[in-house]
Amino acid sequence: MLVIGRVDRADFPELFLKNISIKIDTGAYTSTIHSHHIREVTVDGITQVEFKVLDPTHRKYSEQIFKTGRFKKKYVKNSFGISEERYLIETTIILFGNEYPIDLSLSERSDMRYPILIGRKLLKNRFIVDPSRKNLSYKLKKEKNSKDKT
C-alpha cells in the first residue's frame, strides 16, 4: 500500500483540475469537493446534475459548468454531524501516477481551507495515512516530471 500524508495535490481529469489541494480526512467516509450552482437538469429526457467546482476566489476557478448523468443523491453527515442530502458524482482522481474511480459529494465549502476532502472510501485498501507527512504524491509527480525533461 502507498503512504499518503495529511494533505497533497491531485488531478481530476474529468473536472480539468490539476495539482489541486486535497486534505485527507479519515473521519469522513465519502470524499467531497467544493461546489456551487448545483441543480438537477433534464437534457434530451436524461436527468443530470449541473454544477460549478471551486469558488470565484480560488486561483484555479473557472466559470465552467459541468454536467453529468453519473450521479446519485445520498444523505451525508456534514462536519457538524447533521445529515443532509447531497449529490454524489462519479469521476476519477490521479494520485501517485495512478487513476482511481472516486465518488465526490458536491458541497458548499467556501469557508474551508481545502476545497477537496478525501474520505475513507477512496483510502481503504489503497493507502496508509501518515499525518506527519504531506504532498507525497505531488513530490513524486514533480520528481518524475524533472526526470522526464532530462
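H34 places a side-chain N or O within donor-acceptor distance of the main-chain N or O of L54, the cut-off being under 3.5 Å. At least one donor-acceptor pair closer than 3.5 Å links the side chain of D130 to the backbone N or O of S132. With hydrogens and angles disregarded, a donor-acceptor distance shorter than 3.5 Å links the side chain of S35 to the backbone of I33. The backbone N or O of S21 sits nowhere less than 3.5 Å from a side-chain atom of R9 that would complete a donor-acceptor pair. At least one donor-acceptor pair closer than 3.5 Å links the side chain of D8 to the backbone N or O of L136.
Remark: E50 CD to R39 CZ distance equals 4.0 Å, nearest 0.5 Å. How far CD1 of I22 is from CG of N135: 9.0 Å, rounded to the nearest 0.5 Å. We find the CG-CG distance between L122 and D25 to be 12.5 Å, quoted to the nearest 0.5 Å. Atoms CG and NZ, on L95 and K141 in that order, are 10.0 Å from each other to the nearest 0.5 Å. From S83, atom OG reaches atom NZ of K74 across 10.5 Å, with rounding to the nearest 0.5 Å. Atom CD1 of residue I118 and atom CZ of residue R6 lie 16.0 Å apart, to the nearest 0.5 angstrom.
At a threshold of 4.5 Å between side-chain heavy atoms, the hydrophobic network of Ile, Leu, Val, Met, Phe, Trp and Tyr places I102 and V7 in two separate groups. In the hydrophobic clustering of ILVMFWY residues, with side-chain heavy atoms under 4.5 Å counting as a link, V129 and L117 come out apart. Hydrophobic cluster membership differs between L88 and V53, with clusters built from Ile, Leu, Val, Met, Phe, Trp and Tyr side chains linked at under 4.5 angstrom. Linking ILVMFWY residues whenever their side-chain heavy atoms come closer than 4.5 Å, directly or via other members, leaves I20 and Y138 in distinct clusters. Tracing side-chain contacts under 4.5 Å through hydrophobic residues (I, L, V, M, F, W, Y), one never reaches I89 starting from I65; they form parts of separate clusters.
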Query raised in the report: What's the verdict on side chain to side chain donor-acceptor pair (under 3.5 Å) for T68 and Q48, showing C-alpha distance, side-chain angles and the deciding distance?
Result: CA-CA 5 Å; T68 182; Q48 298 181 319; over 6 Å; no
**Report entry** Verdict with reasoning, F127 to Y100, per ring-ring contact (aromatic ring centres under 6.0 Å, His included)
**Finding:** CA-CA 12 Å; F127 300 98; Y100 302 97; 5.6 Å; yes
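Side-chain contact between I4 and S137 is absent, with no heavy-atom pair separated by less than 4.5 Å. N19 has its side chain within reach of D11: a pair of non-hydrogen atoms, C-beta onward, lies under 4.5 Å apart.
Crowding of F66 atom CZ: a count of heavy atoms from other residues, nucleotides or ligands under 6.0 Å exceeding 12. Around the CZ atom of R133, the shell of radius 6.0 Å holds no more than 12 heavy atoms that belong to other residues, nucleotides or ligands.
H37 is linked by a ring-ring contact (aromatic ring centres under 6.0 Å, His included) to nothing, counting only residues two or more places apart in sequence or in another chain. Remark: Y87 pairs with E40 by the side-chain hydrogen bond (donor to acceptor under 3.5 Å, both in side chains) rule, at least two apart or across chains.
Of the charged side-chain nitrogens involved, at least one lies within less than 4.0 Å of a carboxylate oxygen, so that K52 and E63 count as a salt-bridged pair. We find that K121 and D103 are joined by a salt bridge, their nearest charged nitrogen and carboxylate oxygen being less than 4.0 Å apart. By the 4.0 Å N-to-carboxylate-O rule, E84 lies close enough to R86 to be salt-bridged with it.
Heavy-atom minimum distance, S107 versus I38: N-CD1, 4.4 Å. When all heavy atoms of E14 and E90 are compared, the pair lying nearest together is OE1-O, 4.0 Å. Contact record, S31 with G119: OG-N, 3.0 Å, taken as the closest heavy-atom pair.
The aromatic ring centroids of F51 and F71 lie 6.0 Å or more from each other.
Evaluation of the ring pair (Phe, Tyr, Trp, His ring centres under 6.0 Å) test over residues 2-25, restricted to residues two or more places apart or in two chains, returns none.
Across T32, T91, T30, a single residue satisfies side chain to side chain contact (heavy atoms under 4.5 Å, CB included) together with L104, and that is T91.
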